[in-house]
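Written below as structure tokens is the structure these notes are about.
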Amino acid sequence: MNRKNKLSAIEKLLHDKAQLEALIEVYEKKLGKDFVYIRNNSSSLIISGFTSILFPASDKSKKDKEKPALSSGKDIKKTSLEKPITFFDWLIIGKRLVPIVWEIAQPFVLTWCINTAKGLIAKIFTKKKNRVL
């Protein structure tokens, strides 16, 4: 048997360790690039996220966009973007927005409740002075 082709267990482990360290370095660089991209484009990413929540595009509409129709105007089918937004579409949009709106409104509601409770407690425990004219 050839000793050069066979690696001992320790040599295999060291080789695997070196490969893993190289992979970790590659992934760290990729992750760093992703974070830089997110930091530089955060506002557009947030806006596109809200847009995708408000106006979700189905796979069918994406395919229709990619393949333009070459036939006459009578044969062209309406895409989902050309259809009017129905009541049920608004319900779906509202259902997707409720958690986001609640996360935004929660601090304001909590602050209002605390201030109202303080005012009620203050009214209960403070004495009113009778004024004599």
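None of the values given here were measured: they were computed from a predicted structure.
By the 4.5 Å heavy-atom criterion applied to side chains, I24 and E28 are counted as neighbours. Contact check for I93 versus R96: no side-chain heavy atoms found under the 4.5 Å cut-off.
Rounded to the nearest 0.5 angstrom, I38 CD1 and K33 NZ are separated by 14.5 Å. Note that the CG atom of L14 and the OG atom of S8 stand 8.0 Å from one another [nearest 0.5 Å]. Here the straight-line distance linking atom CG of N40 with atom CG of L45 works out to 10.0 Å at 0.5 Å rounding. Atom CG of L97 sits about 12.0 Å away from atom CD1 of I92, to the nearest 0.5 Å. If you take CZ on F108 and SG on C113, they are separated by 13.5 Å, rounding to the nearest 0.5 Å. L110 contributes atom CG, which lies 4.0 Å from atom CD1 of I114 (distance to the nearest 0.5 angstrom).
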**Report entry** Steps toward side chain to side chain contact (heavy atoms under 4.5 Å, CB included) verdict (D16, Q19)
**Finding:** CA-CA 5 Å; D16 289 345; Q19 285 181 336; 3.9 Å; yes
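Under a cut-off of 6.0 angstrom, the local environment of CD1 in I10 is sparse, with at most 12 non-hydrogen atoms contributed by other residues, nucleotides or ligands.
Checking H15 against E11 by side-chain atom types alone, no donor-acceptor pair falls below 3.5 Å.
Hydrophobic cluster membership is shared by I46 and I104, with clusters built from Ile, Leu, Val, Met, Phe, Trp and Tyr side chains linked at under 4.5 angstrom.
W112 approaches T116 most closely through the heavy-atom pair O-OG1, 2.7 Å.
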